[in-house]
Amino acid sequence: TLRVAQPREGGYDRERHFGPAWSVDVDRNGCGARDDILRRDLAKVQLRGRCTVIAGVLADPYTGRSITFAKAEANKVQIDHLVPLSAAWERGARDWPQVQRERFANDPLNLLATSGTANQSKGDRGPAQWLPREAYRCAYAVQWVRVSVAYKLVVTPPDKASLTTLLSRC
């Protein structure tokens with residue numbers, strides 16, 4: 001049921017179009033989106049105060065590895081936009097009001113803690129160009145579709161083909 005279209009490329013600027021990173025408190029719990037996702041996705045979470053995650057263990061969905069998170073080495077665990085912001089921009093977000101783009105950038109539906117190396121490897125690519133480990137591909141495809149449907153984002157023909165293949169194997 002996803003609408004398929006070519007992306008409208010160009011013109012994307014992270015700060016200008018989606019706001020400062022982790023700036024919106026989507027669930028209004030007083031904590032930033034990054035800490036909310038770390039609390040959700042890590043095990044053995046340790047906090048400083050009510051919100052700041054300072055330690056925990058990530059079972060990385062993209063790689064399958066266990067990663068020890070410590071605030072001092074925060075770049076080891078990053079928060080990935082499953083549907084990258086640049087991809088969202090090219091697939092419909094450029095037409096949204098600023099407040100909706102900021103909500104999307106901080107929406108837990110589209111956020112996932114993963115290793116810094118996996119996040120950097122994935123970059124701005126979609127399912128036609130990048131895939132996580134085999135055991136997580138079904139969940140990745142389902143979540144890509146869920147986010148695209150929720151935000152009425154189009155999918156590119158190559159991404160639709162990749163998603164269709166992935167979902168047929170679930």
Handout entry: side-chain hydrogen bond (donor to acceptor under 3.5 Å, both in side chains) contacts touching residues 7-20 (sequence neighbours left out)
Key = R8-D95
Exercise for the section: Not counting sequence neighbours, list each pair that qualifies as a side-chain hydrogen bond (donor to acceptor under 3.5 Å, both in side chains) and has a residue in residues 123-134. Expected result: S86-D124, S121-W130, E134-R137
Partners meeting side-chain contact (heavy atoms from CB on, under 4.5 Å) with [X] (sequence neighbours left out):
| X | answer |
| --- | --- |
| A150 | L109 |
| S115 | D60, T63, R65, I67, T117, A118 |
| Q120 | Q78 |
| V145 | L2, V149, L163, L167 |

Which pairs pass salt bridge (Lys or Arg N to Asp or Glu O under 4.0 Å) with one or both residues in [range], sequence neighbours excluded?
| range | answer |
| --- | --- |
| residues 143-168 | R91-D159 |
| residues 35-44 | D36-R39 |
| residues 68-87 | E73-K76, D80-K122 |

Exercise for the section: Not counting sequence neighbours, list each pair that qualifies as a disulfide bond (SG atoms under 2.5 Å apart) and has a residue in residues 75-170. Expected result: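 Sorted pair list: C138-C170.
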Just how far is it from atom [atom1] of [X] to atom [atom2] of [Y], taken to the nearest 0.5 Å?
| X | Y | atom1 | atom2 | result |
| --- | --- | --- | --- | --- |
| T114 | L58 | OG1 | CG | 6.5 Å |
| L47 | L38 | CG | CG | 10.0 Å |
| Q100 | Q98 | CD | CD | 11.0 Å |

Exercise for the section: Using the ring pair (Phe, Tyr, Trp, His ring centres under 6.0 Å) rule, collect all pairs that involve residues 34-58, keeping only residues at least two apart or in two chains. Expected result: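 Counting only pairs at least two positions apart or across chains, no ring pair (Phe, Tyr, Trp, His ring centres under 6.0 Å) contact touches residues 34-58.
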Main-chain N/O of [Y] paired with [X] side-chain donor or acceptor, under 3.5 Å:
| X | Y | value |
| --- | --- | --- |
| S162 | P158 | no |
| R94 | G10 | yes |
| N106 | E102 | yes |

Problem - For Y151, ring pair (Phe, Tyr, Trp, His ring centres under 6.0 Å) partners two or more places apart - result: W96, F104
Practice task
Quick one: closest heavy-atom pair of Q6 and P157, and the distance?
Solution key: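 Closest approach of Q6 to P157: NE2-CG, 3.4 Å.
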Practice task
Check whether F69 and I54 end up in the same hydrophobic cluster, where Ile, Leu, Val, Met, Phe, Trp and Tyr are linked by side-chain heavy atoms less than 4.5 Å apart.
Solution key: no
Practice task
Compare all side-chain heavy atoms of L112 with those of Y62 and state whether any distance is below 4.5 angstrom.
Solution key: yes
Practice task
Would you mind reporting whether P108 and D27 have side-chain heavy atoms less than 4.5 Å apart?
Solution key: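 When only atoms from C-beta onward are counted, P108 and D27 do not touch, as no gap falls below 4.5 Å.
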